[in-house]
Structures are given as structure tokens and as C-alpha cells.
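Computed from heavy atoms alone, side chains included, the values below leave out hydrogens, waters and symmetry copies. Note that the coordinates shown come from a computational prediction; the quantities given were computed from them, not determined experimentally. One is the number of the first residue; the rest follow in order along the sequence.
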Amino acid sequence: MMAASLTISRFLLPTAVALPTTATTRLSPKSLSSRLSISPLSLSLPRRPSKPVSFSTKPTHISAAISVGDKLPDATLSYFDTEGELQTTTISSVTAGKKAVLFAVPGAFTPTCSQKHLPGFVEKSAELKAKGVDTIACISVNDAFVMQAWKENLGIKDEVLLLSDGNGEFTKKIGCELDLSDKPVGLGVRSRRYALLAEDGVVKVLNLEEGGAFTFSGAEDILKVL
């Protein structure tokens, strides 16, 4: 009975806890079931309600290599045009001589990004452009094929330009990496969530979130400062 308890405990306790193994005896499923019977009433485990993927990471001071008043560093990004052809562009070409809104998401198809952040800018794109914004672009550390599939899935036309920073070049240059390697969903290193307003490539407003939080980097927040 002691050996069975120790074996079952390996499944119920966190993997970080080391259990003594000197007294453990191997039991076959048949032997285990004959020695230990657990009815639904004798073992009740709490059920956790389903919830969206969490992008929370270890608490860190919110900072970036870029700040208000800085010139955006140049980097090459990719996207698919209306003809389905893969194209490349640069941050300088997207922002030079223009009033541009760039916002970044931790990942395409993830809950908050798909349900709130990107749709919010699509919905408010006409209002933003009416206030003088020339370009609205969404940046993510995803490849261009994923970004195109995401665009089609959400039914986006030309309201927002979806740009792939597949290698994280731009994200690294502005110091906005978000390391999610410890998460079980396999996101790796992505971009922190932010929204910025740039005029002729110079940052005028930078709303940088902590990790993947979504509190003040939405379309409404940019509209308030225009």
C-alpha cells in the first residue's frame, strides 16, 4: 500500500518535488488495481474553469531601448500583398514623411490579440485616418504565412497592414522582446504588446505594456492623443 501511494503521488505532486525512491516497488496496472481501489467519491479533484492563454511573465521593470523622441531603428519586415505575392518593406519606408501607428502583439491567433487588440484597430481605422494617420500596422514575431492566414481568418482588408517580424529583428532593436520559453504552448521569444505613434519615424507616443497585458495600447488610447 505504501508503494502504491508513492507511485500515485508522482502524478499528483508537482514535478519539482523529489520523492524518496528506495522503498518504491514496481507494480503492474493489474497488481495496482487489485491493491488500490479509488472511487469517484473517495478522490475529488477541483475542476479549473477554462481561461485564455496567459502571457504573464516574471515581474520586471517596464523599459525598452526605444523611448519618446527617438528615431525608430530600421528593419526589414515582410507581408503578402493583395495579389498574394510575398513582399518586404522597411520601418523607414512605412514611417518616413508619415504619421504612422505601429502596434505589436505577442502572437497571431492568440486570444487577446485576435479578439481585442487587432480588431480594435480595424474598427477604429477610419477614425484614426480621419485624424491624420497615414499608416496603421500590426507587427508580430510570426512568419508572413501565419500573418496572412490570420488576416484572412479575421476578414481584414486594407484597414491595417499586418507585418511579419519573423526573426524578431525590429523587436530586438527596440528592446521589446518577451521571453515566453517557459510557457507550455511553445511561444518562444515574441514581442511585448505596445502601440506607438511616430511622425516621420520619430516616436511621439509609446504605450508599452508589461508583457502581454492589454490595458492602454488599444486603438482608443491612440485616438485620445491625436
Q: Going hydrophobic residue to hydrophobic residue with side-chain gaps under 4.5 angstrom, can you get from Val160 over to Tyr79?
A: no
Q: Side-chain contact test, heavy atoms from C-beta onward, threshold under 4.5 Å: evaluate it for Phe214 versus Lys116 and give yes or no.
A: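 Side chain of Phe214 against side chain of Lys116, heavy atoms only: contact under 4.5 Å found.
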Q: Roughly how far, to the nearest 0.5 Å, is CZ of Phe170 from OG1 of Thr90?
A: 11.0 Å
Q: Evaluate the side-chain contact (heavy atoms from CB on, under 4.5 Å) criterion for residues Ser191 and Glu177: first the C-alpha distance (whole Å), next the side-chain angles of each, then the deciding distance (0.1 Å), finally the verdict.
A: CA-CA 5 Å; Ser191 172; Glu177 305 101 308; over 6 Å; no
Q: Begin with the C-alpha distance, continue with both residues' side-chain angles, and end with the deciding distance and a verdict on side-chain contact (heavy atoms from CB on, under 4.5 Å) for Cys113 and Trp150.
A: CA-CA 11 Å; Cys113 308; Trp150 193 30; 4.0 Å; yes
Q: Determine whether a donor-acceptor pair (N or O, by modelled atom type, separation under 3.5 Å) exists between the side chain of Arg193 and the backbone of Ala213.
A: yes
Q: Go through Val205 and Val68 one step at a time and tell me if the side-chain contact (heavy atoms from CB on, under 4.5 Å) criterion holds.
A: CA-CA 6 Å; Val205 176; Val68 173; 5.7 Å; no
Q: Counting the benzene-type ring for Trp, do Phe103 and Tyr194 have ring centres under 6.0 Å apart?
A: no
Q: Are the side chain of Asn207 and the backbone of Ala195 linked by a donor-acceptor contact shorter than 3.5 Å?
A: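 Checked: no pair found.
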Q: How far apart are the closest heavy atoms of Arg190 and Gly107, and which atoms are they?
A: NH1-CA, 3.4 Å
Q: Are the side chains of Ser78 and Gln87 in touch, meaning some heavy atoms are under 4.5 Å apart?
A: no
Q: Can you check whether Thr89's main-chain N or O pairs, donor with acceptor, with Ser93's side chain at less than 3.5 Å?
A: no
Q: Indicate yes or no: at least one non-hydrogen side-chain atom of Leu77 is less than 4.5 angstrom from one of Ile91.
A: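 In short, these two side chains touch, coming nearer than 4.5 Å.
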Q: Can you check whether Asn142's main-chain N or O pairs, donor with acceptor, with Ser164's side chain at less than 3.5 Å?
A: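 Checked: pair present.
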Q: Which value, rounded to the nearest 0.5 Å, describes the distance between Leu226 atom CG and Lys129 atom NZ?
A: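 It comes to 13.5 Å.
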Q: With rounding to the nearest 0.5 Å, note down the distance linking CG in Leu162 to NZ in Lys151.
A: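 One finds 7.0 Å between CG of Leu162 and NZ of Lys151.
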Q: Are the charged groups of Glu127 and Lys131 less than 4.0 angstrom apart, N to O?
A: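 No.
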Q: Using modelled atom types and a 3.5 Å cut-off, is there a donor and acceptor pairing between side-chain atoms of Ser114 and backbone atoms of Pro111?
A: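 Looks like no, no N/O pair under 3.5 Å.
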Q: Evaluate side-chain contact (heavy atoms from CB on, under 4.5 Å) for Leu178 paired with Val141, printing each intermediate quantity in order.
A: CA-CA 10 Å; Leu178 176 63; Val141 182; over 6 Å; no
Q: Got a second to check how far Ile174's CD1 is from Leu196's CG, nearest 0.5 Å?
A: 6.5 Å
Q: With sequence neighbours left out, write down each residue that passes salt bridge (Lys or Arg N to Asp or Glu O under 4.0 Å) with Glu123, or none if nothing qualifies.
A: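 If we apply the salt bridge (Lys or Arg N to Asp or Glu O under 4.0 Å) test to Glu123, skipping adjacent residues, there are no hits.
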Q: According to a 4.5 Å side-chain heavy-atom criterion applied to Ile, Leu, Val, Met, Phe, Trp and Tyr, with indirect links allowed, do Leu187 and Phe109 form part of one hydrophobic cluster?
A: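 Leu187 and Phe109: separate clusters.
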Q: Closest heavy-atom contact between Phe216 and Asp221?
A: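 Looks like C-OD2, 3.2 Å.
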Q: Is any NZ, NE, NH1 or NH2 atom of the basic residue among Glu209 and Arg192 found under 4.0 Å from an Asp or Glu carboxylate oxygen of the other?
A: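 Salt bridge between Glu209 and Arg192, a charged N being under 4.0 Å from a carboxylate O: no.
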Q: Determine whether a donor-acceptor pair (N or O, by modelled atom type, separation under 3.5 Å) exists between the side chain of Asp81 and the backbone of Glu83.
A: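 Such a contact is found between Asp81 side chain and Glu83 backbone.
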Q: In terms of hydrophobic clusters joined by side-chain contacts under 4.5 Å, are Val122 and Leu154 together?
A: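 Yes, it is one cluster - the side chains of Val122 and Leu154 are joined through contacts under 4.5 Å.
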Q: When you measure from the side chain of Asp165 to the backbone of Thr171, do you find a donor-acceptor pair of N or O atoms at a distance under 3.5 Å?
A: yes
Q: Between the side chain of Asp179 and the main-chain N/O of Val189, is any donor-acceptor distance below 3.5 Å?
A: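 A pair under 3.5 Å: no.
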Q: Between Thr135 and Val133, is there a side-chain heavy-atom distance shorter than 4.5 Å?
A: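 No - every pair of side-chain heavy atoms lies 4.5 Å or more apart.
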Q: Is there a path of hydrophobic side-chain contacts, each under 4.5 Å between heavy atoms of I, L, V, M, F, W or Y residues, that connects Ile136 with Ile222?
A: yes
Q: When you measure from the side chain of Lys71 to the backbone of Asp200, do you find a donor-acceptor pair of N or O atoms at a distance under 3.5 Å?
A: yes
Q: For the atom pair OG1 (Thr112) and NE2 (His117), what is the distance rounded to the nearest 0.5 Å?
A: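 Separation between the atoms: 10.0 Å.
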Q: Is any side-chain heavy atom of Ile66 less than 4.5 Å from a side-chain heavy atom of Leu72?
A: yes
Q: Is there a side-chain contact between Leu208 and Cys176, using heavy atoms and a 4.5 Å cut-off?
A: yes
Q: Spell out, as yes or no, whether a donor-acceptor pair under 3.5 Å connects the side chain of Lys173 to the backbone of Asp74.
A: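 Flag set: sc Lys173 to bb Asp74 pair under 3.5 Å.
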Q: Transitively linked via ILVMFWY side-chain contacts under 4.5 Å: Val94 with Leu206?
A: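 Result: yes, single cluster for both.
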